[in-house]
Each structure stands twice: as structure tokens, then as C-alpha cells.
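Heads up, the thing below is written out as C-alpha cells.
All values derive from a computational prediction rather than experimental measurement. By convention in this document, chain letters (A, B, ...) are assigned in the order of the sequence lines, proteins followed by strands, and residues within each chain are numbered from 1. Just so it is clear, the values below take in all heavy atoms, side chains as well, and ignore hydrogens, waters and symmetry mates.
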There are 2 protein chains.
Amino acid sequence: MSLTDLESKLRDRSLKCTPQRLEILKALHEAPAHPSADTVYRIVQGRFPSVSLATVYKTLDTLVEIGEIRIALVSEGKTLYDTRMSNHHHFLCRCCGHVEDVDIQLDCMENCLPQVMGKYHQVERSEVVFHGVCQKCFQPEI
Amino acid sequence: MSLTDLESKLRDRSLKCTPQRLEILKALHEAPAHPSADTVYRIVQGRFPSVSLATVYKTLDTLVEIGEIRIALVSEGKTLYDTRMSNHHHFLCRCCGHVEDVDIQLDCMENCLPQVMGKYHQVERSEVVFHGVCQKCFQPEI
DNA sequence: TATTAAATAAGAACTATTATTGTTTAGAAT
DNA sequence: ATTCTAAACAATAATAGTTCTTATTTAATA
Ligand SMILES: [Mn+2]
Ligand SMILES: [Mn+2]
Ligand SMILES: [Zn+2]
Ligand SMILES: [Zn+2]
């Protein structure tokens with residue numbers, strides 16, 4: 001959220017705090033959840049028309065690297081980004097591709113995991129993807 | 001697995017059982033787990049050089065539609081396919097992108113889910129993606 | 001204010017995937 | 001077995017998403 005937060009993260013890695021980066025971060029938060037690069041690009045254009053799509057891509061990469069946003073591994077085709085860095089899960093509609101946050105606490109996963117994976121991998125986090133059909137696709141008559 | 005199984009699935013939907021489709025299905029099972037369209041294409045080429053990449057893509061779509069394979073929602077960039085239709089999970093290395101099957105039974109998820117999601121969505125299945133660093137990337141000195 | 005490494009805009013290039021089109025073929029009907 | 005036809009195919013053009021290249025600009029530092 002906070003720009004100061006971002007500034008210090010950038011400074012820590014000797015990355016420059018440019019107006020483009022600030023606008024892109026703002027756009028990410030204004031956008032509907034899980035926006036694509038193109039969605040972000042269009043929002044940024046409203047206030048900062050000279051910004052290029054390549055800069056948006058590059059900046060999104062950077063923001064992922066410094067841990068301001070992450071990629072929502074939930075879409076075929078285009079990359080979607082997620083500004084929510086706290087632990088949460090996703091529901092994915094197989095009809096319309098709609099992605100929705102799922103906020104439930106699944107302690108069991110976090111609990112049992114370290115033992116199971118411990119000797120093979122370094123597990124950093126886990127997320128659930130629920131597959132199904134969203135309300136809109138299930139009852140399209142409304 | 002069984003070709004008879006495939007044949008009947010195709011027949012049920014009045015889809016033709018072509019040699020290309022059979023070879024592509026075979027290639028999918030010979031390939032390392034979670035192959036891309038291109039990986040499948042190359043394997044098929046060995047035995048059936050006239051097959052086109054477009055046919056591979058189209059056939060993979062078809063196989064997904066009839067439920068012979070599924071898309072492994074686990075990669076940025078290119079689509080990966082999964083021949084294992086039974087419930088399982090994935091580990092994804094953030095360094096090298098390696099995808100590994102995770103075979104643990106997480107009853108808790110299947111148990112708590114229907115209630116939580118019930119009124120909002122039709123949940124058909126759920127899978128966990130574990131994010132982390134694989135052994136190879138963690139100890140690259142070997 | 002001058003310096004410089006990093007970031008940017010513009011657009012070409014690239015990769016994965018889908019669409020188009022004319023030809024072939026599997027499977028059904030004779 | 002031969003004919004028929006919708007479906008599938010090969011070839012390849014087109015598109016979408018993303019990355020790369022290069023000349024120019026700029027944030028941060030001295
Ligand atoms: Mn989310
Ligand atoms: Mn798998
Ligand atoms: Zn839907
Ligand atoms: Zn790895």
C-alpha cells in the first residue's frame with residue numbers, strides 16, 4: 001500500500017523511484033482484482049499517457065521481484081497479478097475464467113506440510129485453487 | 001490409458017478416432033509429466049512426421065474437453081498438460097519452474113469446502129499449489 | 001550543477017496459440 | 001465394396017501476449 005513502503009523497498013535494492021512506477025502501483029490497486037498487464041496499462045494511460053506497455057511489463061516484473069505484488073497462477077493465456085500478498089486462495093470458474101479470492105483458513109495444510117515436503121523441498125507457501133462454475137455461469141437466466 | 005476407453009469417449013460425442021489422436025495420446029503418456037504442446041509435438045513427430053503442430057493443439061483441446069487430460073494450472077507462459085486425472089497436488093519451483101506431483105491426502109480441504117463455498121459456487125475439485133525452491137535449485141553444487 | 005547508472009518510450013522481434021482454407025479421411029449409409 | 005459427408009487434417013497466415021533493442025531521458029548521488 002504505502003508509497004513510503006515501496007520507496008524503501010526500491011531504495012534497498014538501489015532501484016529508482018520513478019513516477020511511472022508509482023502510477024503503475026496505484027493502477028494495480030485501483031484495478032479490479034487480478035488485473036492483467038493490459039488492464040493496468042489502460043488505467044495508467046488515463047493519468048500518464050506517455051507510459052509504454054513495455055514499461056508496464058517491466059515494472060510489474062520489478063514489483064513481483066521486490067515482493068509488492070505476485071502473479072496469480074490461475075489463468076491460461078495471460079498473466080494475472082495479485083496485489084494481495086497475504087495468504088489466501090482462489091476460485092476459478094471453468095466456464096468464464098472468473099477468478100475470485102477465497103478467504104478461508106486451512107490450517108491443516110500449513111500444519112501437515114512441513115513434515116511431508118521437508119526433506120524434498122523448501123516450501124515457502126501454499127495456495128488452493130478451487131475449480132468449478134461460478135454463480136453467474138450456473139444461473140445465467142437472471 | 002486404454003485406447004478402448006478413449007475410443008468410446010470419442011464415439012459418445014461423435015468424434016472421430018484418428019491415428020493422429022491416438023499418437024498424441026500415446027505421446028502424452030510417454031512424455032515427462034506436465035508436457036507442453038511443443039513437447040508432445042516433438043514426440044509425435046518421431047513416429048508420425050506429417051502431423052502438424054496445429055493438430056496437436058487442437059487434439060489437446062479435444063482431450064481436455066472429453067476429460068482424458070487436464071491443464072496443469074501451474075505455469076507462466078506456456079500451457080502444460082497433465083495426464084493424471086486423479087486428485088493430486090503440485091509443487092512449483094520459483095527458480096527453475098519445475099513442476100512436481102504431490103501425492104498427499106488433504107481430507108480437511110475436501111471436508112470443509114462444500115459448506116464454505118456451497119452457497120456461492122459449484123466447486124468441482126480443488127488442488128493445492130506448493131510454492132518454493134526445489135532440491136536442485138536449493139543445492140546446486142552437486 | 002555535473003555525472004552516471006538505471007529507467008524509459010518506441011517499436012521490432014519473438015513465442016505461444018488460434019484461425020483460415022483447401023484437402024483428406026473415418027465412419028456411416030448404401 | 002463403393003459412395004457419401006461431416007469431421008479432421010496439413011499448411012500456413014494471423015493474432016495475442018510478452019520480451020528485446022536502442023536511443024533518449026531522468027533519479028539519485030557527489
Ligand atoms: Mn487473489
Ligand atoms: Mn500433475
Ligand atoms: Zn463463470
Ligand atoms: Zn528448481
With a non-hydrogen cut-off below 4.0 angstrom, is A:L53 in contact with a base, only sugar-phosphate, or nothing?
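Since a base atom lies under 4.0 Å of A:L53, the category is base.
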Would you tell me if any nitrogen or oxygen in the side chain of [X] comes within less than 4.0 Å of OP1 or OP2 on [N]?
| X | N | answer |
| --- | --- | --- |
| A:T55 | C:dT8 | no |
| A:Q20 | C:dA9 | yes |
| B:T59 | D:dA8 | no |
| A:S50 | C:dT8 | no |

Please work out whether the ring planes of B:F91 and A:H121 are parallel, tilted or perpendicular, with thresholds of 30° and 60°.
parallel
Quick check on DNA chain D: between A:P19 and A:T79, whose nearest nucleotide comes earlier from the 5' end?
A:T79
Taking the nucleotide of DNA chain D with the nearest heavy atom to each, does B:S14 or B:V51 sit closer to the 5' end?
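Here B:S14 is the residue nearer the 5' end.
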Suppose the criterion is side chain to side chain donor-acceptor pair (under 3.5 Å): which pairs have a residue in residues 39-53 of chain B, not counting sequence neighbours?
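Qualifying pairs, neighbours excluded: B:E23-B:R47, B:E30-B:R47, B:S36-B:T39, B:D38-B:R42, B:Y41-B:Q45, B:S52-B:T55.
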Nearest-Å distance, [atom1] ([X]) to [atom2] ([N])?
| X | N | atom1 | atom2 | value |
| --- | --- | --- | --- | --- |
| B:L10 | C:dA28 | CG | P | 12 Å |
| B:E76 | D:dT19 | CD | C1' | 14 Å |
| A:E7 | D:dA28 | CD | P | 7 Å |
| B:R11 | D:dA8 | CZ | P | 13 Å |
| B:K58 | C:dA19 | NZ | C1' | 11 Å |
| B:Q45 | D:dA10 | CD | C1' | 12 Å |

From CA spacing to verdict: side chain to side chain contact (heavy atoms under 4.5 Å, CB included), B:V64, B:R70:
CA-CA 5 Å; B:V64 170; B:R70 60 170 62 139; 5.5 Å; no
Can you tell me whether the side chain of A:K16 and the base of C:dA5 have a donor-acceptor pair closer than 3.5 Å?
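Under the 3.5 Å cut-off, the side chain and the base do form a donor-acceptor pair.
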Any donor-acceptor N/O pair under 3.5 Å between D:dA16 base and A:K78 side chain
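No, no donor-acceptor pair under 3.5 Å.
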Do B:E127 and B:H88 pair up side chain to side chain, a donor and an acceptor below 3.5 Å, judged on atom types alone?
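Side chains of B:E127 and B:H88: no pair found under 3.5 Å.
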Both A:L15 and B:Y57 contact DNA chain C. Which one's nearest nucleotide lies toward the 5' end?
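Per heavy-atom nearest nucleotide, the more 5' residue is A:L15.
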Residues A:E65, A:R13: salt bridge by 4.0 Å N-O rule:
no
